[in-house]
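Notes follow the structure.
If you read the sequence from its start, that first residue is 1, and numbering goes on from there. Both counts, for ligands and for their atoms, begin at 1 and track the order of listing.
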Amino acid sequence: MNKAFVTRSTGSWYDLCDVDSNKYIKARLRGIFKQENKRVTNPIAVGDYVMYSFPDAGSEAMIEEILPRNNYIIRKSTHKAEHEHIIASNLDQAVLIVTIDQPRTSLGFIDRFLVSAESYRIPTTIVINKIDLYTSKKNQEALADLIETYTHIGYNVIQTSTTKNIGIEAFNLLFEGKKTLVCGHSGVGKSSLVNAIQPELNLRTASISNYANKGKHTTTFAEMFELAPKTYIIDTPGIKELGISEIEDAELSHYFPEMRALLGKCRFHNCQHIHEPDCVVYKAVENGDIPLSRYENYLSILADEDNRR
Ligand code: GDP
Ligand code: ZN
């Protein structure tokens, strides 16, 4: 048997990349394949490592086994709340592309994304694109705040402009030797940035996002593209947010690194950092160590989670 990872899944067949030969193979899944987790609607996701074989000479490749996942991101099925769709697995990191203007990415969106990435233990870099546009005083201040807020917490933040060719080399270096999920609102310049570092992907990236935008597809497939040897990006057309899965109220602050750092210091061990006495998180917000926007988004996610129950 040979080992490969899945780069594309259509539901009936799969594109695999063999880990030894680096060759791409089309494969099917054995019909008798057992689904371990009944709630998951797709047995195999992009990024999965599998063992495959050629059962008969000249026959098509068959996936025999799925190897355990290091991590994975899911999307809840909109129809059946208890059903989950695995979007991608075995990610080394995520890159979130944001803009301050044209369009503006909200801090709420950024924090929700970071919380879900933290909950999946996927390190995230924030790329602020279109910095050529932020010339007004208001936008300059928003840019400075954004950088300060997230670098202070410990996130890697880089600034780019595809039109002025700023930060493109730094952007390129993010990906080396890794499997990276690239996300961001439509219009932030995801395709422009990827094309700036890998023009050959041009057609594929563009055609895929156009396809999704026109709504011909109701299902969106993740797909993995090779940027350079051992370097892959995972594009998830139509997926702007990662679902925040099953986070308990008391657990949510663990996914805010600046709150996680204060873990165990509040008076109550199960402190939710709202009204409790001697809450060090609340104190840190009051004296400015934790930005108000982060705390407000923390409360907002808590409220969402409560509404869902
Ligand atoms: P996507 O939807 O995220 O893939 O975004 P696109 O790459 O299609 O870019 C959306 C629009 O923003 C296009 O008109 C791009 O030319 C423009 N754009 C992309 N990057 C930049 C940038 O750094 N500065 C400016 N001013 N415009 C940009
Ligand atoms: Zn507290």
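For ligand 1, the polar-atom distance check finds an N/O of S192 within less than 3.5 Å of one of the ligand's N/O atoms. On a distance-only criterion, L133 and ligand 1 share no N/O pair closer than 3.5 Å. Between I131 and ligand 1, no N or O atom pair is found at a separation short of 3.5 Å.
Judged by distance alone, the side chains of N129 and T99 never bring a donor and an acceptor atom under 3.5 Å apart. Side-chain contact of D18 with Y52: a donor-acceptor pair under 3.5 Å is present, judged by distance alone. Between the side chains of Y150 and D111, at least one donor N or O sits under 3.5 Å from an acceptor N or O.
Ion pair K178/D92 not flagged as a salt bridge, since none of the NZ, NE, NH1 or NH2 atoms sits closer than 4.0 Å to an Asp/Glu carboxylate oxygen.
In the candidate list G189, A196, G184, G189 is nearest to atom 5 (O) of ligand 1, counting heavy atoms. Of the listed residues (Q102, H185, K130), the one carrying the non-hydrogen atom nearest atom 17 (C) of ligand 1 is K130.
A side chain to side chain contact (heavy atoms under 4.5 Å, CB included) with M224 is found for exactly one of D235, V6, T7, namely T7.
The number of heavy-atom neighbours closer than 6.0 Å to CZ of R121, taken from other residues, nucleotides and ligands shown, is 12 or below. Residue-environment remark: CD (Q140) exceeds the threshold of 12 foreign heavy atoms within 6.0 Å.
At the Zn ion (ligand 2), the vertex angle linking SG of C271 with ND1 of H273 is 100° (nearest 10 degrees). Angle SG(C266) to the Zn ion (ligand 2) to SG(C279): 110° [nearest 10 degrees].
Within ligand 1, counting atoms from 1 as listed, the ones closer than 4.0 Å to a heavy atom of K190 are 1 (P), 3 (O), 4 (O), 5 (O), 7 (O). Those atoms of ligand 1 that come under 4.0 Å of a heavy atom in S186, given as number and element, are 2 (O).
At a 4.0 Å heavy-atom cut-off, ligand 1 touches T163 through backbone and side chain alike. The residue N195 has no part lying near ligand 1, judged by heavy-atom distances below 4.0 Å.
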